[in-house]
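Worksheet for the structure shown next.
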Amino acid sequence: MALSRVELFASIRRDKRLEPEVSQRALAERYGVHRRTVRRALDSAVPPTRKAGWQRVSVLDPAKDWIDAILREDLTAPRKQRHTIERIFQRLAGEYGFSEASYSTLRDWVNKRRPQIAAEAREGHQHLEGMVPQVHLPGEEAEVDFSDVWVRVAGTTVKCALFTLRMSFSGKAVHRPVDCTIGVSYVSAW
């Protein structure tokens with residue numbers, strides 16, 4: 001398992017303290033790091049903070065706001081009147097005097113941003129998901145249903161009605177098969 005930077009620095013400093021004769025080169029080989037890292041660990045117990053990564057500047061940066069505005073206009077336009085990438089390219093050059101970006105760069109950006117802008121527009125119009133809690137007091141409400149069921153009574157198959165009662169408070173259900181012709185329950189009480 002790889003050590004974190006703090007653990008690595010602590011290990012290097014501990015090894016140097018326990019073995020003062022060991023060289024920086026030997027410590028670097030032991031931990032698989034550069035000698036510069038060993039030197040920094042011996043100079044300070046706390047590793048230096050990482051430098052911020054270099055951000056590549058896009059050629060489209062000056063025009064991104066214009067492109068986004070065009071794509072937002074297209075959301076309300078009829079399908080046949082929406083801007084193609086070619087038309088956006090022409091508008092940037094004609095109306096804004098922007099011609100630094102190539103067609104392929106613009107195409108890649110528009111293909112990336114068009115669905116994002118559509119999602120942003122839909123975000124405000126979505127229905128909120130939720131539920132309405134149902135509160136029932138004990139014994140206040142129940143649901144009743146009947147259905148046909150075939151049961152075997154004394155070796156004979158008989159068509160009966162299945163009486164189902166479900167209590168709304170507890171969700172408990174009671175099922176009783178009843179002979180439709182004589183109205184006799186065949187199942188003892190629970």
Taking every non-hydrogen atom, the tightest pair across [X] and [Y]:
{"X": "L165", "Y": "A142", "result": "CD1-CB, 3.7 Å"}
{"X": "A101", "Y": "L60", "result": "CB-CD2, 3.5 Å"}
{"X": "L92", "Y": "A63", "result": "CD2-CB, 4.3 Å"}

Set of residues satisfying side chain to side chain contact (heavy atoms under 4.5 Å, CB included) with respect to [X], sequence neighbours excluded:
{"X": "T157", "answer": "W150, R152"}
{"X": "V57", "answer": "D61"}
{"X": "K51", "answer": "none"}
{"X": "N111", "answer": "I85, R107"}

Taking distance alone, no hydrogens or angles, what donor-acceptor pairs closer than 3.5 Å link side-chain atoms of residues 18-29 to residues at least two apart or in another chain?
{"from": "E19", "atom 1": "OE2", "to": "R30", "atom 2": "NH1", "distance (Å)": "3.4"}
{"from": "S23", "atom 1": "OG", "to": "A26", "atom 2": "N", "distance (Å)": "3.1"}

Run the ring pair (Phe, Tyr, Trp, His ring centres under 6.0 Å) test against F89 and tell me which residues pass, sequence neighbours left out.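 Ring pair (Phe, Tyr, Trp, His ring centres under 6.0 Å) check on F89 returns Y103.
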In sequence, state the C-alpha distance, the side-chain angles, and the governing distance for T164 and F146, and then conclude on side chain to side chain contact (heavy atoms under 4.5 Å, CB included). CA-CA 6 Å; T164 302; F146 285 95; over 6 Å; no
Restricting to pairs with a member in residues 43-73, which pass ring-ring contact (aromatic ring centres under 6.0 Å, His included), not counting sequence neighbours?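 As it turns out, the ring-ring contact (aromatic ring centres under 6.0 Å, His included) pairs with a partner in residues 43-73, which skip direct neighbours, are W66-Y96.
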Nearest 0.5 Å, please: how far is [atom2] in [Y] from [atom1] in [X]?
{"X": "F163", "Y": "S147", "atom1": "CZ", "atom2": "OG", "value": "11.5 Å"}
{"X": "E86", "Y": "L106", "atom1": "CD", "atom2": "CG", "value": "9.5 Å"}
{"X": "D145", "Y": "H175", "atom1": "CG", "atom2": "NE2", "value": "10.5 Å"}
{"X": "S168", "Y": "Q134", "atom1": "OG", "atom2": "CD", "value": "8.0 Å"}
{"X": "I117", "Y": "I67", "atom1": "CD1", "atom2": "CD1", "value": "9.5 Å"}

With clusters defined by side-chain heavy atoms of hydrophobic residues (ILVMFWY) lying less than 4.5 Å apart, directly or transitively, does I12 cluster with V6?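 Hydrophobic grouping puts V6 apart from I12.
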Does atom CD (E95) have a neighbourhood of more than 12 heavy atoms from anything else shown, all under 6.0 Å?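 Yes.
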Report, one line per pair, each donor and acceptor closer than 3.5 Å where one atom sits in a side chain of residues 33-49; sequence neighbours left out.
{"from": "H34", "atom 1": "ND1", "to": "R36", "atom 2": "N", "distance (Å)": "3.0"}
{"from": "S44", "atom 1": "OG", "to": "V46", "atom 2": "N", "distance (Å)": "3.3"}
{"from": "S44", "atom 1": "OG", "to": "V46", "atom 2": "O", "distance (Å)": "3.1"}

Donor-acceptor pairs are to be reported for all side-chain atoms of residues 68-79 against protein atoms at under 3.5 Å, with residues two or more places apart or in another chain.
{"from": "D68", "atom 1": "OD1", "to": "R113", "atom 2": "NE", "distance (Å)": "3.3"}
{"from": "D68", "atom 1": "OD2", "to": "R113", "atom 2": "NH2", "distance (Å)": "3.2"}
{"from": "R72", "atom 1": "NH2", "to": "E120", "atom 2": "OE1", "distance (Å)": "3.3"}
{"from": "D74", "atom 1": "OD1", "to": "H83", "atom 2": "N", "distance (Å)": "3.4"}
{"from": "D74", "atom 1": "OD1", "to": "H83", "atom 2": "ND1", "distance (Å)": "2.7"}
{"from": "D74", "atom 1": "OD2", "to": "H83", "atom 2": "N", "distance (Å)": "3.0"}
{"from": "D74", "atom 1": "OD2", "to": "H83", "atom 2": "ND1", "distance (Å)": "3.3"}
{"from": "T76", "atom 1": "OG1", "to": "E73", "atom 2": "O", "distance (Å)": "3.1"}

Does S102 have any side-chain hydrogen bond (donor to acceptor under 3.5 Å, both in side chains) partners at least two apart in sequence or in another chain, and if so, which? S104, T105
Taking only residues two or more places apart in sequence or in another chain, which ones pass side-chain hydrogen bond (donor to acceptor under 3.5 Å, both in side chains) with E143? none
Any S58 side-chain heavy atom under 4.5 Å of K64 side chain: yes
Going by side-chain heavy atoms closer than 4.5 Å, which hydrophobic residues are tied to F169, directly or by a chain of links? none
